[in-house]
Trainee: 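Dumping the structure here so I can ask a few things about it.
Predicted model, so just to flag it, every value in this text is computed and none were measured.
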Amino acid sequence: QVQLVESGGGLVQAGGSLKLSCAASGRTFSSYNMGWFRQAPGKEREFLAAISWSGGITYYADSVKGRFTISRDNAKNTVYLQMNSLKPEDTAVYYCATRTGDPTYDRRDKSAYGYWGQGTQVTVSS
């Protein structure tokens, strides 16, 4: 059992920055690879970034490379997503999730993740 709570969302102007946090409780946080996704109304949930349990390996969707940075602090049971140069098309609900480790699914597939937070809203105005 793992519980995840996202925070840090809000309203920003295009070109601005936000840092999202995902606080975990329950089963040992450091045992999990983690991912960030987002979902806009009427659209599919989109993979953004993933990080290994140790934080030593990261992976990004092409659309956010150079703008978003994923990191984690296992001592604080928290994973972060630093978002820079935000665009109106970044507007969405942002979710963090734990990887299941099921080899059937690629890390970019939402089915590869077992526990999800409730999300935090990010709105970018033009």
Side-chain angles (χ1 to χ4, degrees):
Q1 181 74 14
V2 176
Q3 294 179 334
L4 304 172
V5 179
E6 301 94 339
S7 63
L11 174 64
V12 298
Q13 290 188 301
S17 298
L18 283 174
K19 187 174 184 178
L20 307 183
S21 298
C22 173
S25 62
R27 198 166 184 175
T28 304
F29 173 71
S30 61
S31 296
Y32 292 95
N33 292 0
M34 300 289 296
W36 281 98
F37 287 73
R38 68 186 179 191
Q39 188 166 22
K43 297 187 177 181
E44 65 185 274
R45 191 162 295 190
E46 175 189 11
F47 170 80
L48 299 175
I51 189 167
S52 64
W53 69 269
S54 68
I57 302 173
T58 57
Y59 183 88
Y60 297 93
D62 289 342
S63 61
V64 302
K65 286 181 180 178
R67 296 195 300 128
F68 291 9
T69 302
I70 189 171
S71 62
R72 69 190 299 163
D73 186 341
N74 288 340
K76 297 181 178 180
N77 293 331
T78 302
V79 63
Y80 304 96
L81 186 69
Q82 176 67 50
M83 306 186 296
N84 299 324
S85 302
L86 285 163
K87 307 172 182 179
E89 51 263 44
D90 293 320
T91 296
V93 177
Y94 284 68
Y95 301 89
C96 66
T98 62
R99 286 280 300 277
T100 65
D102 189 338
T104 301
Y105 304 105
D106 183 84
R107 71 177 71 198
R108 296 164 292 184
D109 190 332
K110 64 179 178 62
S111 296
Y113 297 82
Y115 296 100
W116 296 81
Q118 292 300 304
T120 185
Q121 177 71 48
V122 172
T123 302
V124 184
S125 62
S126 60

Trainee: Enumerate the disulfide (SG to SG under 2.5 Å) contacts for residues 17-110, please, sequence neighbours excluded, ordered by first and then second residue.
Mentor: C22-C96
Trainee: Please report the closest heavy-atom contact between L18 and G8, naming both atoms and the distance.
Mentor: CD2-O, 3.7 Å
Trainee: Are F68 and W36 close enough that their ring centers fall under 6.0 Å?
Mentor: no
Trainee: Hey, could you give me each pair passing salt bridge (charged side-chain N to carboxylate O under 4.0 Å, His left out) that has a residue in residues 71-87? Not counting sequence neighbours.
Mentor: none
Trainee: Kindly compute the distance separating CG (N33) from OG1 (T58), expressed to the nearest 0.5 Å.
Mentor: 11.5 Å
Trainee: Would you find more than 12 non-hydrogen atoms of other residues, nucleotides or ligands less than 6.0 Å from W116 atom CH2?
Mentor: yes
Trainee: For a 4.5 angstrom cut-off between non-hydrogen side-chain atoms, does T69 reach Y60?
Mentor: yes
Trainee: Show the atom names and distances, to 0.1 Å, of all donor-acceptor pairs under 3.5 Å that link a side chain in residues 119-126 to residues at least two apart or in another chain.
Mentor:
unit_1	atom_1	unit_2	atom_2	d
T120	OG1	G9	N	3.2
Q121	NE2	A92	O	3.4
Q121	NE2	T123	OG1	3.4
S125	OG	V12	O	3.4

Trainee: Sub-3.5 Å donor-acceptor pair from the side chain of N77 to the main-chain atoms of G26, do we have one?
Mentor: no
Trainee: Is L20 close to M83 at the side-chain level, that is, under 4.5 Å between some pair of heavy atoms?
Mentor: yes
Trainee: Distance check, rounded to the nearest 0.5 Å: R67 atom CZ versus S17 atom OG?
Mentor: 10.0 Å
Trainee: Write out all pairs satisfying salt bridge (charged side-chain N to carboxylate O under 4.0 Å, His left out) with one or both partners inside residues 107-126, taking only residues at least two apart or from two chains.
Mentor: D106-R108
Trainee: Do L4 and Y95 come within less than 4.5 Å of each other through their side chains, counting heavy atoms only?
Mentor: no
Trainee: Which atoms form the tightest heavy-atom contact between Y32 and R99, and what is the distance?
Mentor: CD2-O, 3.7 Å
Trainee: Can you see which heavy atom on M34 is nearest to which on I70, and at what distance?
Mentor: O-CD1, 4.3 Å
Trainee: Does anything in residues 30-39 form a salt bridge (charged side-chain N to carboxylate O under 4.0 Å, His left out)? List the pairs, not counting sequence neighbours.
Mentor: R38-E46, R38-D90
Trainee: Is there any salt bridge (charged side-chain N to carboxylate O under 4.0 Å, His left out) pair reaching into residues 49-66, and which pairs are they, with sequence neighbours excluded?
Mentor: D62-K65
Trainee: Are the side chains of Y94 and E6 in touch, meaning some heavy atoms are under 4.5 Å apart?
Mentor: no
Trainee: Under 30°, 30 to 60°, or over 60°: which ring-plane class applies to F47 and F37, parallel, tilted or perpendicular?
Mentor: perpendicular
Trainee: Would V5 and Q3 count as a side-chain contact (heavy atoms from CB on, under 4.5 Å) if you check the C-alpha gap in whole Å, the side-chain angles of each, and the deciding distance to 0.1 Å?
Mentor: CA-CA 7 Å; V5 179; Q3 294 179 334; 5.7 Å; no
